[in-house]
> 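Could you have a look at this structure, given as structure tokens, before my questions?
By convention in this document, chain letters (A, B, ...) are assigned in the order of the sequence lines, proteins followed by strands, and residues within each chain are numbered from 1.
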Number of protein chains: 2
Amino acid sequence: MEERTPRRPRIADVAREAGVSKTAVSFAFNSPDRLAPETASRILDVADSLGYRPHPVARMLTQRHTHTIGVLTPQALSVIFSNPFFGAFSEGVALAAEQEGYALHFISPLHGSLASAMGRATVDGVVVIGLSADHPEVEQIRAAGVPLAMVDCTALPDQPSVVVEDEGGARSAAEHLLALGHRDFLVVGVEPPLPGAKLDPEGVMGKRLKGYLSALAAHGLELPDHAVVVGPASIEGGIAAMRRAYEDGLRPTAVLAMSDAMAIGVLRAARELGLRVPEDLSVVGFDDIDIAQHTNPPLTTVHQPIRQKGESAVRLLLSVVERRDIRSEQLRLETRLMVRGSTGPAPRRRQEVVRVPS
Amino acid sequence: MEERTPRRPRIADVAREAGVSKTAVSFAFNSPDRLAPETASRILDVADSLGYRPHPVARMLTQRHTHTIGVLTPQALSVIFSNPFFGAFSEGVALAAEQEGYALHFISPLHGSLASAMGRATVDGVVVIGLSADHPEVEQIRAAGVPLAMVDCTALPDQPSVVVEDEGGARSAAEHLLALGHRDFLVVGVEPPLPGAKLDPEGVMGKRLKGYLSALAAHGLELPDHAVVVGPASIEGGIAAMRRAYEDGLRPTAVLAMSDAMAIGVLRAARELGLRVPEDLSVVGFDDIDIAQHTNPPLTTVHQPIRQKGESAVRLLLSVVERRDIRSEQLRLETRLMVRGSTGPAPRRRQEVVRVPS
DNA sequence: AATCTCCCCTAAACCGGTTTGCTAAACCGG
DNA sequence: CCGGTTTAGCAAACCGGTTTAGGGGAGATT
């Protein structure tokens, strides 16, 4: 006569075993002070002996919140997690979430649909990264009444958001190279997630490009279209982009990369092409990920507070989730050029790159 | 006379508005074929106009599963996410999870308690990484009836697990250096998460150390205790470890690092100490993270299939979650030495390191 | 002795869905 | 015209908890 279904014990089982009501058991776990001390501890003992744990889903249902925040990205997590930028960002998100007692739930397209993934997600709010404001998904989330905080996008005026000075940072990178005498540039950009799509001028990469261009324009320079190559934001992407540029006959003295990972790829490709950095070629990245200071030579790059971005996004989000603060803040963080070893004076010899006189 | 509480519409609201029962609404969403086509689409229209989405938590409660898997780590996520190893591992986990239609939930100690974090987590199963089998938490999870898959730990015979050939990989690393003529070694290890704890001989680091030692022993060599330094598994940790070793007077010709991040730190510290790699010093890492092939010089290291580890763990886990397969598999994956540029023949000059004759 | 408090605990409603079991009407062949 | 099968939809039970409103008894107050 064995018990055939070792099913999970419920609150009713504990109540029966302890000879009390379900309410009492609930009190024992959630507000023990509403029970006589010995009753509470007896209930807890019984619960323990039965191996009872309150069912988290049932609890969520009645308490109306999940103590979980979501991180929403339009790309598959499997491509995202290998990105050091995302790692650092998640670090910031996790730090704030952990401090506030929230768990982390990553939301990415399931079976191709971000909407259905979002529909399944049991979160109190979401941090949205890598999505432009006009993405239909974002509107849907808002309509569903789920609080959200946007990262790298400020287009929703009544929503909390965190952005960085992308344009200014990019400008300072280009100015740095211009001051070193460089005139022949190659811009290495991150391609949009959807193949074929044009660089969104309001997106992060669009702003960085704008920053580069405005610095060049101030020196009477223009950037020919073919001096902009794009690829995936990875070391391999950077290698491929640099090789392609060389095969196309470009011989820049300086490379402006929109991501550190790609800059590291450029460093690598340059070495293979027999170019010394920074003597023959200067390279500047963007983001200042951790390894940037440990490359050889150390990478000159535009620092942005990646971790803080994640942390602030969560703080902003929680302030509306917990209704501590209704007004939604728009945070704008600074960027800062970190001059290290990968940039130097432009070499003397002239390059054959197209240049437009002012 | 405005509606004051724009509360989320419930299934009953849709039912009333459409003039049908709750059941019909539920059917419209979940098994439309049980309804007349026009009824179903009318209900869906009403739902849409009301902005109704089925409540995911309520749905979880009745359906008895969450379509979410947890990743459990004993360390704070904020320290974990910056680790490239973990990034690659998560990539594998995410890949398998996404393919199977599961979302990802990261579980780390909340307010210092892994148990309470686990108690709140609404997951169908967990992938456990970095936890030894005798950790009280693991027992608790099993007792709670939550399916789990252990990574890097095989101690639970009736649980699915994924491990790699740590000892063999470490041995091959040491043998490679021995074959190059090295006799004076420094081992750079990853410190246990709890300060002061001794290296768990059954843990990953313990096995790697055992592998190093057995290769040395086969050549009649012993490793003095002071030739093993430990630190956090990061670039900084590697730099600090190498510096400390030098300050202690050690002058090894070869470094065996238990993690690539630390090996990269060693590379960096060596450069600062004026040592050429591999002419003056050989360095071999462990893991073969992505950047290992892009360091300067490219890092010789022991490859382990990190992504596959994550992927397999999820597959194994889901096979028990979905009861497709009751027998729990124990997977053991191979490691493989990747010889690259950071190792070379031992330099001629003898070092003053302590050496025990055979 | 009656009333008031306070303490400890409970019954029942509720959270927002899904699922089971059933019924009434439509359909069908003979 | 009749019994049998389908079809379309409903009411109620259920998932596993929390919370509200309130009841009974003991001690304090009048």
> In the strands shown, is C:dG30 matched to any nucleotide by a Watson-Crick or G-U wobble pair with both distances under 3.5 Å, and which?
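Base-paired to D:dC1.
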
> Are any of A:R59's side-chain N or O atoms less than 4.0 Å away from OP1 or OP2 of D:dG16?
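So the side chain of A:R59 is outside the cut-off, no N or O lying under 4.0 Å from OP1 or OP2 of D:dG16.
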
> Do you see a donor-acceptor pair shorter than 3.5 Å between the side chains of A:E98 and B:S78?
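Yes, side-chain donor-acceptor contact under 3.5 Å.
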
> If I take atom CG in residue B:N30 and atom P in nucleotide C:dT19, what distance separates them, rounded to the nearest angstrom?
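Result: 7 Å.
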
> Between the side chains of B:S161 and B:Q330, is a donor N or O closer than 3.5 angstrom to an acceptor N or O?
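The answer is yes; a qualifying pair exists.
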
> Quick one: is D:dC15 close enough that its OP1 or OP2 comes under 4.0 Å of any side-chain N or O from A:R10?
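The answer is yes; a side-chain N or O of A:R10 sits under 4.0 Å from OP1 or OP2.
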
> Would you please indicate if the ring centroids of A:F89 and B:F81 are separated by under 6.0 Å?
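Centroid distance A:F89-B:F81: not below 6.0 Å, so no.
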
> Under 4.0 Å, heavy atoms only, any strand: does A:V57 hit a base, just the sugar-phosphate, or nothing?
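No contact.
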
> Take the protein atom CG of B:D33 and the nucleotide atom C1' of D:dG9, then report the distance between them rounded to whole Å.
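From B:D33 CG to D:dG9 C1': 14 Å.
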
> Rounded to whole angstroms, how far apart are CD on A:E38 and P on C:dC7?
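It is 15 Å, rounded to the nearest whole Å.
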
> Please say which of B:V46, B:L44, B:I43, B:N30 ends up in a side chain to side chain contact (heavy atoms under 4.5 Å, CB included) with B:V25.
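For B:V25, the side chain to side chain contact (heavy atoms under 4.5 Å, CB included) test succeeds with only one of B:V46, B:L44, B:I43, B:N30, which is B:I43.
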
> Looking only at side-chain atoms of A:R34, point me to the closest of C:dG17, D:dA21, C:dT20.
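Nearest nucleotide to the side chain: D:dA21.
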
> When you match A:H55 and B:L35 each to their closest nucleotide on DNA chain D, which lands nearer the 5' end?
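Per heavy-atom nearest nucleotide, the more 5' residue is B:L35.
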
> Would you say A:T39 places a side-chain N or O within less than 4.0 Å of OP1 or OP2 belonging to C:dC9?
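True: A:T39 side-chain N/O within range (under 4.0 Å) of C:dC9 OP1/OP2.
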
> What is the distance, rounded to the nearest whole Å, between atom NE2 of B:H65 and atom C1' of C:dT18?
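That distance rounds to 12 Å.
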
> With a non-hydrogen cut-off below 4.0 angstrom, is A:L61 in contact with a base, only sugar-phosphate, or nothing?
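Counting heavy atoms under 4.0 Å across all strands, the contact made by A:L61 includes a base.
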
> CZ of A:F27 versus P of D:dT18: gap in Å, rounded?
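My rounded result for the distance is 10 Å.
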
> So which nucleotide from D:dC10, C:dG17, D:dT20 ends up closest to the side chain of B:K22?
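The answer is C:dG17.
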
> Here's a test for you: under side chain to side chain contact (heavy atoms under 4.5 Å, CB included), which of A:V321, A:V93, A:V71 qualifies with A:V314?
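Checked A:V321, A:V93, A:V71 against A:V314; only one passes side chain to side chain contact (heavy atoms under 4.5 Å, CB included): A:V93.
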
> Classify A:Y52 by what it touches in the nucleic acid, base, sugar-phosphate, or nothing, heavy-atom distance under 4.0 Å.
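Sugar-phosphate: the residue A:Y52, judged by heavy atoms under 4.0 Å, touches backbone atoms but no base.
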
> Does atom CD of B:E17 have more than 12 heavy-atom neighbours from other groups under 6.0 Å away?
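12 or below, so no.
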
> A:D13 has an atom CG; how far is it from atom C1' of D:dC15, in whole Å?
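Distance, rounded to whole Å: 13 Å.
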
> Find which nucleotide of DNA chain C each of A:G19 and B:P54 is nearest to by heavy atoms, and output the residue with the more 5' nucleotide.
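Counting from the 5' end, the first nearest nucleotide belongs to A:G19.
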
> Separation of A:I11 atom CD1 from C:dA11 atom P, in whole Å?
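After rounding, the gap between these two atoms is 13 Å.
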
> Is C:dT20 paired to anything, Watson-Crick or G-U wobble with both distances less than 3.5 Å, and if yes, which nucleotide?
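Paired with D:dA11.
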
> Between C:dG16 atom P and B:R8 atom CZ, what is the distance in whole Å?
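One finds 8 Å between P of C:dG16 and CZ of B:R8, rounded.
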
> When we call it a touch if two heavy atoms are under 4.0 Å apart, what does A:R64 touch: a base, just sugar-phosphate, or nothing?
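The answer is sugar-phosphate, as A:R64 gets under 4.0 Å only of primed atoms, P, OP1 or OP2.
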
> Between A:T62 and D:dG17, is there a contact of a side-chain N or O with OP1 or OP2 at under 4.0 Å?
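Checking A:T62 against D:dG17: no side-chain N or O falls below 4.0 Å of OP1 or OP2.
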
